[in-house]
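I have placed the structure first, in the form of structure tokens, so that the comments after it can refer back to it.
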Amino acid sequence: MRLPVLLLLLAATTAAHAERYEVKMLNRNDTGGMVYEPDYLRLQPGDSVKFLATSVTHNAASILEMLPAGAESFKGRINEEIDVTFTQPGTYGIRCIPHYMMGMVMLVQVGDASLDTISVPDTVPVQARKRFEEIIVRARQAQQAVPPARDAR
Ligand SMILES: [Cu+2]
């Protein structure tokens, strides 16, 4: 009877490892901007994100040109709170379809994907590109300041 107990423990450990994050889809009253908050997350494969309809008229959809190879695309309806599990390592660009032209985007980095080689495709609208470039600069700075825990061991 020892093996089943061990398997059960392993299963419990694996399940506990996956983290759940929440991202608000938001109209910011102070700046008037439409944003995801946070607009950048670093995850481990298997972690999930719930997109909250904090303000109305937003959605969350993957940007097809900014998906890792082999990753599944997703698209929530307007005001829909979707749960997305990120299994494929790499960087994911996410957009709000009604406000893509206004720069409502976010970046999700899964696993050890490098931010050094990331480039924003030409097909991304100007405001969204600007937002991505700001996010990438901030994310690189954050990574230099706080190395991932596993590298500190
Ligand atoms: Cu929006």
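Note that these values count all heavy atoms, side chains included, but never hydrogens, waters or copies made by symmetry. We count ligands from 1, going down the list as the structure has it; atoms in each ligand are counted the same way.
By the neighbour-count criterion of 12 heavy atoms within 6.0 Å, atom CZ of R140 is densely surrounded, having more than that number from other residues, nucleotides or ligands.
In this structure, the side chains of E72 and T87 stay at 4.5 Å or more apart for every pair of heavy atoms. The shortest distance between side-chain heavy atoms of Y36 and M25 falls below 4.5 Å.
Summarising the geometry, atom OG belonging to S114 is positioned 8.0 Å from atom CD belonging to Q109; distances are rounded to the nearest 0.5 Å. Summarising the geometry, atom CZ belonging to R131 is positioned 9.0 Å from atom CE belonging to M104; distances are rounded to the nearest 0.5 Å.
Around the Cu ion (ligand 1), the protein N, O or S atoms found under 2.8 Å comprise H58 ND1, C96 SG, H99 ND1, M104 SD.
Sequence neighbours left out, not one pair with a member in residues 45-54 passes side chain to side chain donor-acceptor pair (under 3.5 Å).
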